Number of protein chains: 2
Amino acid sequence: MYTETEENYLKAIYKIAQKQGESSINTKSIAEEMGTSAASVTDMIKRLSEKSLLQYEKYYGVSLTKEGQKIAVHLLRKHRLWEVFLHDKLNFTWVEVHEVAEQLEHVKSDLLIEKLDAFLGHPKFDPHGDPIPNSNGSFTFRNQIPLSNIREKNIRIHVLAVKQHDSSFLKHLDDLKIKPGEVFEIIQFTDYDKSMKLLTKNGDQIVITHKVADAILVRPQ
Amino acid sequence: MYTETEENYLKAIYKIAQKQGESSINTKSIAEEMGTSAASVTDMIKRLSEKSLLQYEKYYGVSLTKEGQKIAVHLLRKHRLWEVFLHDKLNFTWVEVHEVAEQLEHVKSDLLIEKLDAFLGHPKFDPHGDPIPNSNGSFTFRNQIPLSNIREKNIRIHVLAVKQHDSSFLKHLDDLKIKPGEVFEIIQFTDYDKSMKLLTKNGDQIVITHKVADAILVRPQ
DNA sequence: AATTTATTTTAGATTTGTCTAAAATTTATA
DNA sequence: TATAAATTTTAGACAAATCTAAAATAAATT
């Protein structure tokens with residue numbers, strides 16, 4: 001069994017690897033992700049390396065081993081299932097779920113997580129639209145593209161997920177009534193600043209910047 | 001905010017005080033409850049004392065302060081609400097719930113616990129029949145007496161709670177189909193060994209020893 | 001290629017929670 | 001009441017996770 005901190009390091013490394021698309025992760029980026037110093041990261045890296053959870057070459061960064069990856073993915077599964085529980089059953093907003101799930105994901109009981117999964121109806125995606133790995137660690141993939149890629153007007157757009165997860169961004173979207181599951185229509189493109197005007201289901205017209213549109217993943221046609 | 005270990009000490013001390021009906025708790029009993037050494041207990045006692053969570057007089061044991069009690073009761077509330085969740089929603093048996101709830105009770109979010117309480121329909125008792133304190137820390141009391149106190153035959157007996165919580169005892173009761181919420185009838189008293197024969201709802205006849213009957217709390221007439 | 005800058009590692013210290021062994025104190029017993 | 005037994009505390013050590021400051025190494029720049 002691993003400590004909560006060890007688990008958090010594995011998760012952080014996995015997350016960085018996903019984002020960067022690279023396998024070799026440097027100390028500094030881990031330190032940033034974990035909100036700690038590079039020195040602390042080096043210490044922890046050595047421990048995790050000795051436990052064969054990651055490969056470590058001095059001065060040249062780390063990469064997760066199969067076992068390390070397995071743990072990280074299992075944590076992701078637990079985190080996202082708890083988020084669904086908090087959102088669907090306890091009526092937390094999709095902005096609020098993350099923080100509490102960060103704690104719940106460390107509860108150690110495989111039975112718990114399998115029963116929770118069943119209780120929730122084996123959901124495939126969390127409230128942010130991120131895929132929930134199954135108990136074997138495999139994800140459900142689906143086609144989704146940034147809203148900013150779409151150039152066609154007057155078609156129904158389905159929001160599937162978001163690329164960013166910081167609460168200020170989520171709150172902004174929430175204020176605009178944009179979240180996974182919602183549907184809207186693009187009614188105007190502005191070439192000048194690449195912003196777009198959307199028509200929401202209840203008739204509201206909202207304008208979003210290119211930066212925001214780029215972080216919203218939608219169903220392609 | 002307090003560490004998980006600090007919380008567990010407060011809970012242990014509260015539990016011992018309840019059981020013994022005394023306010024002054026000695027080091028040894030805390031060590032036993034926590035599964036650690038008396039030396040470790042002394043260390044922790046000092047810390048908790050400095051944080052004003054308990055009163056400590058060297059060599060003469062400890063007692064919880066108002067603040068210490070408040071934390072212990074809040075933990076009890078969280079523990080028991082999670083037990084209801086695990087039992088009622090996830091179909092854990094009443095034997096299994098305790099261990100997982102031990103972990104869940106340390107998740108820190110008051111919002112979570114209030115939402116969970118509402119989701120569960122504001123339950124007043126957990127799967128073992130123990131009362132769940134409300135958010136102000138007050139318990140629902142009800143009349144309940146040990147089954148061993150009853151001398152009357154051929155009346156409906158309602159099981160409300162149990163006095164012991166170790167899993168071997170719970171498993172034994174579960175095998176006999178006795179648990180809170182069940183109803184049965186006493187059909188025979190044996191003076192010799194103080195055992196009693198019960199008739200369960202589905203027609204089974206079971207015999208329980210005096211020791212077991214003493215740990216079962218039932219609704220008095 | 002030499003030097004500056006950025007990154008990483010090491011060294012040494014701190015906190016939390018634990019341990020064992022020994023000393024101190026209280027309680028029980030003769 | 002003196003001694004033995006039980007309990008509690010102290011002292012010193014250890015592991016986990018962190019920190020700061022300094023040293024080592026790699027990467028970037030002139």
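Given the structure is predicted, the values throughout are model-derived calculations rather than measurements. Proteins get letters first, then strands, A, B, ... in listed order; numbering begins at 1 in each.
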Quiz item: Taking the side chain of B/Asn26 as its heavy atoms from C-beta onward, which of C/dT7, C/dT10, D/dT8 lies nearest to it?
Solution: D/dT8
Self-check item: From C/dT18, D/dA26, D/dC19, nucleotide with atom closest to B/Thr36 side chain
Solution: C/dT18
Quiz item: Quick one: which of C/dT10, D/dT9, D/dT18 gets closest to the side chain of B/Thr42?
Solution: D/dT9
Quiz item: With sugar-phosphate meaning primed atoms plus P, OP1 and OP2, does A/Tyr9 contact a base, only sugar-phosphate, or nothing at under 4.0 Å between heavy atoms?
Solution: sugar-phosphate
Exercise. Answer with base, sugar-phosphate or nothing: what part of the nucleic acid does A/Thr5 contact at a heavy-atom distance below 4.0 Å?
Key: sugar-phosphate
Self-check item: Counter-base of C/dT3, judged by Watson-Crick or G-U geometry with both distances under 3.5 Å
Solution: D/dA28
Quiz prompt | Within 6.0 Å of CD in A/Gln55, more than 12 heavy atoms from elsewhere | solution = no
Exercise. Flag the pair A/His98 / A/His165 as yes when their ring centroid distance falls below 6.0 Å, and as no otherwise.
Key: no
Quiz prompt | Minimum-distance nucleotide to B/Asp43 side chain [options: C/dC19, C/dT9, D/dT20] | solution = C/dC19
Quiz item: Looking across every strand, which nucleic acid part, if any, lies under 4.0 Å from B/Tyr2 by heavy atom: base, sugar-phosphate, or nothing?
Solution: nothing
Quiz prompt | N or O in side chain of A/Tyr59 less than 4.0 angstrom from C/dT10 OP1/OP2 | solution = no
Exercise. With the side chain of B/Tyr60 defined as its heavy atoms from C-beta on, choose the nearest nucleotide among D/dA24, D/dT18, C/dT27.
Key: C/dT27
Quiz item: Hey, which of these two, B/Lys51 or B/Ala39, hits DNA chain C nearer its 5' end, going by closest nucleotide?
Solution: B/Lys51
Quiz item: Distance check: side-chain N/O of B/Ser40 vs OP1/OP2 of C/dC19, anything under 4.0 Å?
Solution: yes
Quiz item: Once you round it to whole Å, what is the distance between C1' of C/dA6 and CD of A/Glu32?
Solution: 13 Å
Quiz item: For A/Gln103, does the CD atom sit with more than 12 other heavy atoms under 6.0 Å from it, leaving out its own atoms?
Solution: yes
Quiz item: When the distance from CD of A/Glu4 to C1' of D/dA16 is rounded to whole Å, what number comes out?
Solution: 13 Å
Quiz item: Considering only side-chain heavy atoms of B/Met44, which listed nucleotide, C/dT18, C/dT10, D/dC19, is closest?
Solution: C/dT18
Self-check item: Touch class at under 4.0 angstrom, heavy-atom based, for A/Thr27 against every strand present
Solution: sugar-phosphate
Practice problem: Return no unless some side-chain N or O of B/Lys58 is found under 4.0 Å from OP1 or OP2 of C/dA24. | Solution: no
Practice problem: Ignoring backbone atoms, establish whether B/Thr3 has a side-chain N or O less than 4.0 Å from OP1 or OP2 of C/dT16. | Solution: no
Self-check item: Test: B/Lys108 and B/Glu7 ion pair at under 4.0 Å
Solution: yes
Exercise. Please indicate whether A/Lys89 has more than 12 foreign heavy atoms, meaning atoms of other residues, nucleotides or ligands, lying under 6.0 Å from its NZ.
Key: yes
